[in-house]
Amino acid sequence: QVQLVESGGGLVQAGGSLRLSCAASGRTFNELVAGWVRQAPGKDREFVAAITGDAGSKFSADSVKGRFTISRDYAKNTVYLQMNRLKPEDTADYYCAAGDIYGADAGFYGSWGLGTQVTVSP
């Protein structure tokens, strides 16, 4: 297992930017697939982005493609989600996840952080 701690959430106006961070400790995080999942109040969980251990493959949901970018810093054992041109519909709790299998299925990920809240005002 790996321990994950998210940070960087907050309140931002539509059109603004935020960068979420996911700091990892424990098992060798840099070998794992990492992803971001969000859940808005009253809505289903949505898989937002994923990145393989070697950063050779990345996934972005259609709803965020062209606006959100996932990346990782191996020296810091950290994965980032850069969110640009934010919209009110991006408002949600954002969770970092890690696992052994690459894919846009939350079931592939065995380690989860506690989440960070993002609120985008109109």
Side-chain angles (χ1 to χ4, degrees):
Q1 290 291 336
V2 62
Q3 291 73 48
L4 305 173
V5 179
E6 303 95 335
S7 62
L11 173 64
V12 64
Q13 287 188 325
S17 298
L18 283 174
R19 188 177 77 161
L20 304 184
S21 299
C22 173
S25 60
R27 183 184 164 184
T28 306
F29 177 67
N30 292 339
E31 298 175 352
L32 298 176
V33 178
W36 289 93
V37 177
R38 68 184 181 185
Q39 187 162 23
K43 294 188 177 181
D44 292 336
R45 190 168 52 180
E46 179 185 15
F47 203 97
V48 175
I51 185 169
T52 52
D54 63 0
S57 295
K58 298 181 184 180
F59 164 84
S60 295
D62 288 342
S63 58
V64 306
K65 199 160 291 184
R67 299 187 299 121
F68 291 12
T69 301
I70 189 169
S71 63
R72 61 195 313 163
D73 185 326
Y74 295 99
K76 296 182 178 180
N77 268 9
T78 299
V79 169
Y80 302 100
L81 186 67
Q82 178 67 43
M83 306 187 296
N84 299 327
R85 291 184 282 135
L86 283 160
K87 305 176 181 179
E89 51 263 45
D90 294 319
T91 295
D93 291 325
Y94 284 72
Y95 299 89
C96 178
D100 294 305
I101 301 173
Y102 174 68
D105 185 333
F108 292 164
Y109 298 81
S111 299
W112 292 81
L114 295 180
T116 185
Q117 188 174 58
V118 172
T119 303
V120 184
S121 62

*asked:* Between D100 and L32, does the side-chain contact (heavy atoms from CB on, under 4.5 Å) criterion hold? Intermediate values first, please.
replied: CA-CA 6 Å; D100 294 305; L32 298 176; 3.2 Å; yes
| query | Can any side-chain N or O of Q39 pair as donor or acceptor with the backbone N or O of A92 at less than 3.5 Å? | reply |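 Flag not set: sc Q39 to bb A92 has no pair under 3.5 Å.
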Determine whether a donor-acceptor pair (N or O, by modelled atom type, separation under 3.5 Å) exists between the side chain of Y102 and the backbone of K58.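 The answer is yes, because a donor-acceptor pair under 3.5 Å joins these two groups.
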Any chance you could measure [X], atom [atom1], to [Y], atom [atom2], to the nearest 0.5 Å?
| X | Y | atom1 | atom2 | answer |
| --- | --- | --- | --- | --- |
| T69 | R19 | OG1 | CZ | 12.0 Å |
| Q13 | L86 | CD | CG | 11.5 Å |
| R45 | D93 | CZ | CG | 12.5 Å |
| K43 | R38 | NZ | CZ | 8.5 Å |
| N30 | K76 | CG | NZ | 13.0 Å |

Measure across [X] and [Y] and return the closest heavy-atom pair with its distance rounded to 0.1 Å.
| X | Y | answer |
| --- | --- | --- |
| P88 | A14 | CD-CB, 4.0 Å |
| E46 | S63 | OE2-OG, 2.6 Å |
| A98 | V2 | CB-CG1, 3.9 Å |
| D54 | T52 | OD1-OG1, 2.9 Å |
| A34 | F29 | CB-CZ, 3.9 Å |
| L20 | M83 | CG-CE, 3.7 Å |

Applying the 4.5 Å side-chain criterion to the ILVMFWY set and letting contacts propagate, would [X] and [Y] be lumped into a single cluster?
| X | Y | result |
| --- | --- | --- |
| V64 | L18 | yes |
| F59 | I101 | yes |
| L81 | F108 | no |
| V12 | F68 | yes |
| I51 | Y80 | no |

With sequence neighbours left out, write down each residue that passes salt bridge (charged side-chain N to carboxylate O under 4.0 Å, His left out) with D44, or none if nothing qualifies.
->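 D44 satisfies salt bridge (charged side-chain N to carboxylate O under 4.0 Å, His left out) with no other residue.
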Name all residues meeting the ring-ring contact (aromatic ring centres under 6.0 Å, His included) criterion together with Y94; count only those two or more places apart in sequence or in a different chain, and write none if there are none.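 Residues passing ring-ring contact (aromatic ring centres under 6.0 Å, His included) with Y94: none at all.
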- Message: Could you work out, with side-chain contact (heavy atoms from CB on, under 4.5 Å) as the rule, every residue matching S17, not counting sequence neighbours?
- Response: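 Once residues adjacent in sequence are excluded, the partners of S17 under the side-chain contact (heavy atoms from CB on, under 4.5 Å) criterion are Q82, N84.
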Are the ring centres of F47 and Y109 closer than 6.0 Å?
-> yes
Are any non-hydrogen side-chain atoms of I70 and V79 less than 4.5 angstrom apart?
->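 With C-beta onward as the side chain, the pair touches.
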Given the options N77, T116, L4, C22 meets side chain to side chain contact (heavy atoms under 4.5 Å, CB included) only with L4
(Q) Between K65 and D62, does any side-chain N to carboxylate O distance fall below 4.0 Å? (A)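 Yes, K65 and D62 are salt-bridged.
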